[in-house]
S.K.: 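The structure's right below; bear with me while I get my questions together.
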There are 2 protein chains.
Amino acid sequence: MAIAACCSPESTTPFTHDDATRLAKVFAALGDPIRLKLFTLIARDPSQEVCACSFVDELQRSQPTISHHLKILREAELIAGTKRGTWIWYSVNTQALSEVREFLS
Amino acid sequence: MAIAACCSPESTTPFTHDDATRLAKVFAALGDPIRLKLFTLIARDPSQEVCACSFVDELQRSQPTISHHLKILREAELIAGTKRGTWIWYSVNTQALSEVREFLS
DNA sequence: TTGATATATTGATGTTTGTCAATATATCAA
DNA sequence: TTGATATATTGACAAACATCAATATATCAA
């Protein structure tokens, strides 16, 4: 007879691979220092809405790089942007954030 | 005179690049579907401690791959492992988790 | 329309990542 | 000691990623 298994056989992954992939995408979006700073700049602005135009100076990355990171945060639905004239104003998607918080609690 | 800037000049990044890098590492650790499943398997086990030996079967990845992912979760201090004989029992580092939760709140 | 500014896209490049096979190390049982 | 099992490390490789220069698109002002 084999040695008893160390783990209960009935333990299962609590979500599907697709669900895990979707949620992992949200965490991965925050998994880069520049994006984490972008996110906090957007989240913690007193006015709750920030335009993208200052990020290049503040984060010392080229404009295409900032644009690329904002896209990743948008695609993870952590932020949303509204175009007003030439500028885009960003704000945090509080619902997506709640889902992440719920996962961690 | 130039057009008024769209953003308040006094807005600053709320943490240093090193801090952002460290926290980003934690998010990045959760930013992969396999690691997210590993983490939930460890976090949600009723006994609060899980041995690594079943992960290969459950997650359908090779043993070196699972070992690699567990190392990344360990280095992000999201989990901790205790060796008991041949097996390693994993549990969640609740303090690291609190810090992440605090950031998101 | 023309010039200036904000943002997006494309293409290129070096780096990092996820994965596995092969191998190594550690522990236990016989 | 020998064999079996759990985990770690190494080396290799393809895919994904972060970055920038160049260019494109969109909007506003003159």
Side-chain angles (χ1 to χ4, degrees), chain A residues 1-7 9 17 20-22 24-39 41-42 49-76 79-91, chain B residues 1-7 17 20-21 24-39 41-42 49-76 79-91:
Chain A
M1 190 57 186
I3 292 171
C6 66
C7 306
H17 192 73
T21 301
R22 199 174 44 82
K25 202 173 158 186
V26 178
F27 281 115
L30 294 172
D32 174 272
I34 298 295
R35 287 197 295 270
L36 206 51
K37 289 187 191 179
L38 274 174
F39 181 78
L41 284 171
I42 294 166
E49 273 193 309
V50 189
C51 110
C53 57
S54 68
F55 296 145
V56 171
D57 278 353
E58 276 189 277
L59 300 180
Q60 314 218 64
R61 289 294 183 282
S62 72
Q63 179 268 321
T65 297
I66 296 294
S67 184
H68 168 246
H69 285 310
L70 286 169
K71 187 178 188 179
I72 289 173
L73 288 169
R74 255 189 280 117
E75 285 176 348
I79 62 174
T82 307
K83 192 161 191 174
R84 293 212 203 109
T86 314
W87 297 328
I88 296 180
W89 298 78
Y90 281 102
S91 59
Chain B
M1 188 59 186
I3 291 170
C6 68
C7 305
H17 192 73
T21 301
K25 201 173 159 185
V26 178
F27 282 115
L30 295 171
D32 174 272
I34 299 296
R35 286 198 294 271
L36 207 50
K37 289 187 191 178
L38 274 174
F39 181 77
L41 284 170
I42 294 166
E49 274 194 308
V50 189
C51 108
C53 58
S54 68
F55 296 145
V56 172
D57 279 352
E58 278 189 275
L59 301 181
Q60 314 218 65
R61 288 294 183 283
S62 72
Q63 179 269 320
T65 296
I66 296 293
S67 184
H68 169 245
H69 286 309
L70 286 169
K71 187 178 188 177
I72 288 173
L73 288 170
R74 253 189 281 117
E75 285 176 348
I79 62 174
T82 308
K83 192 161 191 174
R84 292 213 205 108
T86 313
W87 296 328
I88 296 179
W89 297 78
Y90 280 102
S91 57

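Below, each value reflects all heavy atoms present in this structure, side chains not excepted, and no hydrogens, waters or symmetry copies. Because the structure is predicted, anything quoted here is derived from the model rather than measured. First the proteins, then the strands, lettered A, B, ... as listed; each starts at 1.
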S.K.: Side-chain N or O of A:R35 less than 4.0 angstrom from OP1 or OP2 on D:dA18?
M.R.: yes
S.K.: Please tell me if B:T65 has a side-chain N or O lying less than 4.0 Å from either OP1 or OP2 of C:dC20.
M.R.: yes
S.K.: With respect to the phosphate group of C:dT19, does any side-chain polar atom (N or O) of B:H69 fall under 4.0 Å of OP1 or OP2?
M.R.: yes
S.K.: Give a yes/no answer on whether the side chain of B:S67 brings an N or O atom under 4.0 Å of OP1 or OP2 in D:dA8.
M.R.: yes
S.K.: Could you tell me which non-hydrogen atom of A:A20 sits nearest to which non-hydrogen atom of B:K37, and how far apart they are?
M.R.: CB-CE, 3.8 Å
S.K.: DNA chain D: A:G85 or B:H68, which has the more 5' nearest nucleotide?
M.R.: B:H68
S.K.: To the nearest angstrom, how far is B:I79 atom CD1 from D:dT7 atom P?
M.R.: 12 Å
S.K.: Please give me the minimum heavy-atom distance between A:V56 and A:Q63, naming the atom from each residue.
M.R.: CG2-CA, 3.6 Å
S.K.: Please determine, for D:dT27, whether a Watson-Crick or G-U wobble partner exists with both distances under 3.5 Å, and give it or none.
M.R.: C:dA4
S.K.: Could you identify the nucleotide paired to D:dG11, looking across every strand shown and requiring Watson-Crick or G-U wobble geometry with both distances under 3.5 Å?
M.R.: C:dC20
S.K.: Roughly, in whole Å, what's the span from CD in A:E75 to P in D:dC17?
M.R.: 11 Å
S.K.: Using atom CG of A:L59 as one end and atom P of D:dT19 as the other, report the distance to the nearest whole Å.
M.R.: 10 Å
S.K.: Rounded to the nearest angstrom, tell me the gap between atom CD in B:Q63 and atom P in D:dA8.
M.R.: 8 Å
S.K.: Whole-Å distance between C:dT5 P and A:D57 CG?
M.R.: 13 Å
S.K.: Which whole-number value in Å describes the distance from A:K83 NZ to C:dA6 C1'?
M.R.: 8 Å
S.K.: Nearest-Å distance, CZ (B:R61) to C1' (C:dC20)?
M.R.: 11 Å
S.K.: Taking for each residue the nucleotide of DNA chain D with the nearest heavy atom, is it A:I66 or B:P64 whose nucleotide lies nearer the 5' end?
M.R.: B:P64
S.K.: Take the protein atom OH of B:Y90 and the nucleotide atom P of D:dT7, then report the distance between them rounded to whole Å.
M.R.: 7 Å
S.K.: If you compare all heavy atoms of B:A76 against all heavy atoms of B:K25, which two are closest, and at what distance to 0.1 Å?
M.R.: CB-O, 4.1 Å
S.K.: So B:F27 and A:F27, would you call those rings parallel, tilted or perpendicular, with 30° and 60° as cut-offs?
M.R.: parallel
S.K.: OP1, OP2 of C:dA26 versus side-chain N and O of B:R84: anything below 4.0 Å?
M.R.: no
S.K.: What are the two closest heavy atoms between B:L36 and A:A24, and how far apart are they?
M.R.: CD2-N, 3.5 Å
S.K.: Would you tell me if any nitrogen or oxygen in the side chain of B:S62 comes within less than 4.0 Å of OP1 or OP2 on C:dC20?
M.R.: yes
S.K.: Can you figure out which of C:dT7, C:dT27, C:dT5 approaches the side chain of A:T86 most closely?
M.R.: C:dT5
S.K.: Any side-chain N or O of B:K71 under 4.0 Å from OP1/OP2 of D:dT9?
M.R.: yes
